[in-house]
Amino acid sequence: MKELIKVKIGESVFSLAKGTPLSELIPQLKLGDKLLLFKSGQELLDLSFPADHDRELKPVTASDPEALEILWHSASHLLAQAVLELFPGVQAGVGPATETGFYYDFLRDQAFTPEDLVAIETRMGEIAAEDLPIRRLILKKEEAIRIFEERGQKLKVELIQEKGGAEVTCYEQGDFIDFCLGPHLPSTGYIKYVKLLSVSGAYWKGDERGPQLQRIYGTAFFSQKELNDYLNFLEEARKRDHRRLGQELELFHTSEDLGAGLVIWQPKGAIIRYLIENFWKEEHLKDGYDFIYSPHIAKLDLWKKSGHTEFYEAMYPPLELEGCQYQLKPMNCPFHIIAYKSRQRSYRELPLRWAELGTVYRYERSGVLHGLLRVRGFTQDDAHIFCREDQLEDEIKGVIRLAIRLLRAFGFENYQIYLATRPDKYVGSLADWEKAEKALEEALKSSSLTYQIDQGEGVFYGPKIDIKIRDAIGRLWQCTTVQLDFNLSERFDLTYVGEDGNFHRPFMVHRALLGSMERFFGVLIEHYMGNFPLWLAPVQMIILPIADRHEAYAREILSGLRAEGLRVKVDDSREKIGKKIRQAEIEKIPLMAIVGDKEMHGNSLSLRIHGQGDQGEMKIDTLLPRLKQLIQDKSLEIKL
RNA sequence: GCCAGCGUAGCUCAGACGGCAGAGCGGCUGAUUCGUAAUCAGCGGGUCGGAGGUUCGAUUCCUCUCGCUGGCUCCA
């Protein structure tokens, strides 16, 4: 007589013989093929999981948030099955779910071509149609190794030898078997709506000295509609691509003649940067910051002292002048430190908050460069705060408040906040780390912000808070970082004289709120899809005269509005009004003022708002104050 | 840096067996003077990313190089 296991589902309790798969419960639950898995606490169990002890289970169906990840994982197995069938001799690596789909790594001499991907996708569809059951197997380690050796899957053998215990879990569907903890969907028939997206290189076990595998990326959904929605989302993201918009709207320019990762801000981008920087400076002054300017190079010895030559890999090679070596700066910190040390500091003058839009140069590896988001020369919206221990928490709070105030102005309302704590390798005293981590956490708590802790993910020189912002289509971007630094304060022997007359070590906070002007601009372009709000738009209004005889009137309006500080231009091309409007819409100019006979006689203009269409005729005197208000408020949309 | 792919007019892209280089948009000129997303006609515009090699001949094939793209790795 086998032991009976009690399984509670909702209000009902079922009994199962120990070791029977949970799939025995299917007929009684009346969910039919909607039932995908069970959830037991935080653990997901597939239907082939054997009843082991009394549990309370929750059925998981396609509408549950957990289901998608399992679908993706199962889809990666399906991908591997198709690839191994179509390309004998290929070895499978690993194949997990990602945040938006799945991938699988393969070792193969030839590259997978786009045609190969089509063939693989087709084969995946066929296997899905066969609706093969996906079975969970528990094998003795030696047996599992033998199975994968027979199949020539050496990478799998290596994984089992490394990770497997005495017994290992494998999953089997048709002739395909994989070393995997699961869980998985009940059968391949659930994996119907699949799209393979790309293929790229990936290192075996992430080690760049090891062999390089080919990684096939894909995604899958439970319905054609969801898959289409996701593919549309990708298309939407492509339309927003800041590299494309940056060129179309003439915001910035890169050129082979400059070198990789170096950016020219063209006039339309430069005016936006100017406006952002002014706003940034005003807000920093309000928060009691002072400004610093520092040079772009300094003696190599400075960077030896700071430890950068030793620890920082992305430095440009030094250059020699009159027998002395100089270094292009990758960071601003040492300059602010030198300013701090320019004289003795008293506890009375702390905290010092020194900000600089500091341009730095980092020799990033060529392969990581990406538009404005990863460049070699960029300007950080940097600041260093030197403060006493009793000031630390308030300073951090102030930084977070300022960060959120700035980000909100651009329409970023959703954040993911991470507190990264002490890693295994660290400098500074344990006591200082504890104080600092506590201050960071208290600052977050008292700002009533939700955050998650990244245990051990701090930098070796101090704990940090990172803020990721969510853009208009839900993507996350890392911009803000607030870091404590125990390393530089020590290396440069920073001190202040305390109330007690003794020397004390100040706490040093390093922070960038927008991150860098380049990256932030890239994110902004994508966030707004090039439709900058009125206060940032390079050209706020374009005046479109209907015929030549209206041009003088157009210029009259132009000079009037320019005198009021608006960025306005006149389209004096000899095109029809329809063409002028089209051109202005393409240039994403927020306001279009159409002027013809009617307006000339009525001393008015006919307003059209980008994306909103014709607003009708109005007097300039009524429009102007409203526009000035929108600009002053940094309004994100134009409502009149 | 690594794997894979790409580089043709300002932009988006065709093209060919190795044999005079093509379109649309933009630009310029002219005509049109027009009311809410493209008026018509004409004209310019190219070291086919750069260097070297093979060849009678290379934009096309080969090598190197620069730049870009998707990833990996990295990110004090």
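Atom set for the values below is all heavy atoms of this structure, side chains included, hydrogens, waters and symmetry mates excluded.
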Q.
I'd like the P distance from B:rU60 over to B:rG19, given in whole Å.
A. 11 Å

Review item, nucleotides 26-34 of chain B N/O atoms under 3.5 Å of protein N/O:
| unit_1 | atom_1 | unit_2 | atom_2 | d |
| --- | --- | --- | --- | --- |
| B:rG26 | OP1 | A:Lys579 | NZ | 3.2 |
| B:rU32 | O4 | A:Arg574 | NE | 3.2 |
| B:rU32 | O4 | A:Arg574 | NH2 | 3.4 |
| B:rU33 | O2 | A:Asp548 | N | 3.0 |
| B:rU33 | N3 | A:Asp548 | OD1 | 3.0 |
| B:rU33 | N3 | A:Asp548 | OD2 | 2.9 |
| B:rU33 | O4 | A:Asp548 | OD2 | 2.6 |
| B:rU33 | O4 | A:Arg574 | NE | 2.8 |
| B:rU33 | O4 | A:Arg574 | NH2 | 2.6 |
| B:rC34 | OP2 | A:Arg549 | NH2 | 3.4 |

(Q) Students often get this wrong, so: under 4.0 angstrom with heavy atoms, is A:Gly367 touching a base, only sugar-phosphate, or nothing? (A) base

Q) Considering only the P atoms, how many Å lie between B:rG15 and B:rC28, rounded to the nearest integer? A) 30 Å

Q: Could you tell me how the ring of A:Phe112 sits relative to the ring of A:Phe87: parallel (under 30°), tilted (30 to 60°) or perpendicular (over 60°)?
A: perpendicular

Q) Across the strands shown, which category fits A:Lys598 at heavy-atom distances under 4.0 angstrom: base, sugar-phosphate, nothing? A) base

Q) Charged N to carboxylate O under 4.0 angstrom, A:Asp382 versus A:Arg511? A) no

Q) Salt bridge check: are A:Lys464 and A:Asp454 linked by an N-O gap of less than 4.0 Å? A) no

Q. A:Tyr217 near the nucleic acid: base, sugar-phosphate alone, or nothing, with a heavy-atom cut-off under 4.0 Å?
A. sugar-phosphate

Q. What does B:rG1 pair with, Watson-Crick or G-U, if both distances are under 3.5 Å?
A. B:rC72

Q: Report which part of the nucleic acid A:Gly462 touches: base, sugar-phosphate, or nothing (heavy-atom distance under 4.0 Å, all strands).
A: nothing

Q | Base-pairing mate for B:rU54 - Watson-Crick or G-U, with both contacts under 3.5 Å | A | none

Q | Donor-acceptor under 3.5 Å (A:Gln91 side chain, A:Lys154 main chain) | A | yes

Q) Would you call A:Arg582 and A:Glu585 a salt bridge, taking side-chain N to carboxylate O under 4.0 Å as the test? A) no

Q: Please give the nucleotide sitting opposite B:rA14 as a Watson-Crick or G-U wobble pair, both distances under 3.5 Å, or none.
A: none

Q.
Within residues 599-617 of chain A, which residues have any heavy atom lying less than 4.0 Å from an atom of RNA chain B?
A. A:Glu599, A:Ser606, A:Arg608, A:Asp614

Q | Cation-pi, A:Phe492 ring and A:Lys341 (6.0 angstrom, 45 degrees) | A | no

Q: Can you check whether any acceptor in the base of B:rG1 is under 3.5 Å from a donor in the side chain of A:Tyr363, or vice versa?
A: no

Please tabulate, for side-chain N and O atoms in residues 245-259 of chain A, each donor-acceptor pair with protein atoms closer than 3.5 Å (sequence neighbours left out).
| unit_1 | atom_1 | unit_2 | atom_2 | d |
| --- | --- | --- | --- | --- |
| A:Glu248 | OE2 | A:Arg244 | NE | 3.4 |
| A:Ser255 | OG | A:Asp257 | N | 2.9 |

Q: May I ask you to verify whether the side chain of A:Arg374 and the base of B:rC74 hold a donor-acceptor pair under 3.5 Å?
A: yes

Q: Sort out the partner of B:rC6 for me: Watson-Crick or G-U wobble, both distances under 3.5 Å, none otherwise.
A: B:rG67

Q.
Under 3.5 Å for both donor-acceptor distances, Watson-Crick or wobble: does B:rU39 have a partner, and if so which one?
A. B:rA31

Q.
So A:His370, base contact, sugar-phosphate only, or nothing? Heavy-atom distance under 4.0 Å.
A. sugar-phosphate

**Q.** Pair A:Arg243 + A:Asp241: basic N to acidic O under 4.0 Å
**A.** yes

